[in-house]
Amino acid sequence: MIVWSIVFMRFRFSVILFLPALAVLHAQHGSSPDRPFSTPDDEAAGARSFRSQCAACHGADATGGVVGPSLATGNFKSGGSDEALFRVITKGIPGTAMTAFPLNGREVWQLIAYLRAVNISKAAEQAKGDPTKGEQVFNSNGCSNCHTNGKAGGFVGPDLSEIGSRRSLAQLESSILDPNADVDADYWSLKARTKTGQTVAGIRLNEDMTSFQIREQSGRLRSVLKTDLASYEIARTSPMPSFKGKLSNGDLQDLVAYLASLRARTNSEERGK
């Protein structure tokens, strides 16, 4: 009896050691255990994880950043189910800036709970305008001279083909009325004069110790040596003019609605084409 008691105790001790290890492996390999019921405390914990792990790419309020798209719309390109979100968080998306995060299963579900809470709060945020009329406003104001939107267009401004997946309605309206409020460094411009008197201007794509690489308004890429320049200035303002006072409120709302409709296609939508 004593011998069997010792064997049983050793077996129970081994199970106690084995189960936590199994749980860790389970989370590390991206398998999604059953989602626990989320509480306000879980959402708060998920918000803290988001701020520390995700905000740098997706924005402090999940409405999109320089690198990552908006996560506030509920429209996720790699799938919007809880399982798909769990997989993306734990395994990342190959070939993109989205890497896997070393969170345990509960932390992942807390993060998903926070995103769902954001999606619900943003669901009521509906564009008031008419996207069809907004496209007419876009075209009549020459926006395609500087922007592409899934079609041929200019190179001076950002590609707007999926802007609705990256920016909230408030951000879209702000970019139209006050373009200088938030200018991405990728769209700072170079204004320079060479030692021979030639004017050089374009979007600054890159800068190193010896040169600038710019994209001129025509779309032509050009490299300029700093030693060839007599003077230069980096303009941290947007080349886009403000449309404040130039659009009626109706046209503005229609334009915002049109831009909000330019969204990334989900994988299921791509397969259904």
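Sequential numbering from 1 along the given sequence is applied to the chain's residues. These numbers come from the heavy atoms of this one structure, side chains and all, not from hydrogens, waters or symmetry mates.
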Asks: When rounded to the nearest 0.5 angstrom, what is the spacing between CG in L255 and CD in Q136?
Replies: 12.0 Å

Asks: So which atom in D61 and which in V118 form the shortest heavy-atom distance, rounded to 0.1 Å?
Replies: O-CG1, 4.4 Å

Asks: State, to 0.1 Å, how close R87 and S78 come at their nearest heavy-atom pair, and which atoms those are.
Replies: NH2-O, 4.1 Å

Asks: How long is the span from the CD1 atom in I203 to the CG atom in L221, to the nearest 0.5 Å?
Replies: 12.0 Å

Asks: N206 side chain to Q213 main-chain N or O, any donor-acceptor pair under 3.5 Å?
Replies: no

Asks: Please round to the nearest 0.5 Å and tell me the distance separating atom CG of D208 and atom OG of S223.
Replies: 7.5 Å

Asks: Any side-chain heavy atom of S189 within less than 4.5 Å of one from T237?
Replies: no

Asks: How far apart are the closest heavy atoms of V183 and W188, and which atoms are they?
Replies: O-NE1, 3.7 Å

Asks: When rounded to the nearest 0.5 angstrom, what is the spacing between CD1 in I214 and CD in E207?
Replies: 12.0 Å

Asks: Please name all residues satisfying ring pair (Phe, Tyr, Trp, His ring centres under 6.0 Å) with F50, sequence neighbours left out, ordered by chain then number.
Replies: Y114

Asks: Might you point out which heavy atoms bring H58 and P69 nearest each other, and give the distance in Å?
Replies: ND1-O, 2.9 Å

Asks: What do you reckon, is NZ of K226 surrounded by more than 12 foreign heavy atoms closer than 6.0 Å?
Replies: yes

Asks: Are more than 12 heavy atoms, taken from residues, nucleotides or ligands other than K128, located less than 6.0 Å from that residue's NZ atom?
Replies: no

Asks: Could you pull out all residues at least two apart from F138 that satisfy ring pair (Phe, Tyr, Trp, His ring centres under 6.0 Å)?
Replies: Y258

Asks: Can you get from F243 to V256 by hopping between Ile, Leu, Val, Met, Phe, Trp and Tyr side chains that sit under 4.5 Å apart?
Replies: yes

Asks: Mind running side chain to side chain contact (heavy atoms under 4.5 Å, CB included) on L103 and T90 for me, showing each step along the way?
Replies: CA-CA 7 Å; L103 303 174; T90 56; over 6 Å; no

Asks: For Y232, does the six-membered ring have the charged nitrogen or CZ of K191 within the cation-pi criterion, i.e. under 6.0 angstrom from the centroid and within 45° of the normal?
Replies: no

Asks: Answer yes or no: is there a side-chain heavy-atom contact under 4.5 Å between L172 and I163?
Replies: yes

Asks: Do I234 and V224 belong together in a cluster built from hydrophobic side chains that touch within less than 4.5 Å?
Replies: yes

Asks: Determine whether Q253 and D130 make a side-chain contact, defined as any pair of heavy atoms from C-beta on separated by less than 4.5 Å.
Replies: no

Asks: Specify the closest pair of heavy atoms between I93 and T96, including all atoms of both residues, with the distance to one decimal.
Replies: O-OG1, 2.7 Å

Asks: Should K133 and D251 count as an ion pair when the cut-off is N to O under 4.0 Å?
Replies: no

Asks: Sub-3.5 Å donor-acceptor pair from the side chain of S175 to the main-chain atoms of P179, do we have one?
Replies: no

Asks: Does D228 reach the side chain of L225, with side-chain heavy atoms less than 4.5 Å apart?
Replies: yes

Asks: Taking the side chain as every heavy atom from C-beta outward, state whether L252 and I176 have any atom pair closer than 4.5 Å.
Replies: yes

Asks: Is the backbone of T227 close enough, under 3.5 Å, to the side chain of K195 for a donor and an acceptor to pair up by distance?
Replies: yes

Asks: Just verifying a value: how many Å separate L259 CG and D254 CG, rounded to the nearest 0.5 Å?
Replies: 11.0 Å

Asks: Ignoring hydrogens, what is the shortest heavy-atom contact between V67 and A97? Give both atom names and the distance.
Replies: CG1-CB, 3.7 Å

Asks: Looking at N141 and C143, would you say the former's side chain and the latter's main chain have a donor-acceptor pair under 3.5 Å?
Replies: no

Asks: Please round to the nearest 0.5 Å and tell me the distance separating atom CD of Q53 and atom CZ of R48.
Replies: 13.0 Å

Asks: Is there a side-chain contact between T39 and D42 (heavy atoms, below 4.5 Å)?
Replies: yes

Asks: Would you check if L229 and R193 make a side-chain contact, meaning some heavy-atom pair closer than 4.5 Å?
Replies: no

Asks: Under 4.5 Å between any side-chain heavy atoms of L111 and I89, yes or no?
Replies: yes

Asks: When you measure from the side chain of H147 to the backbone N and O of D159, does any donor-acceptor pair fall under 3.5 Å?
Replies: no

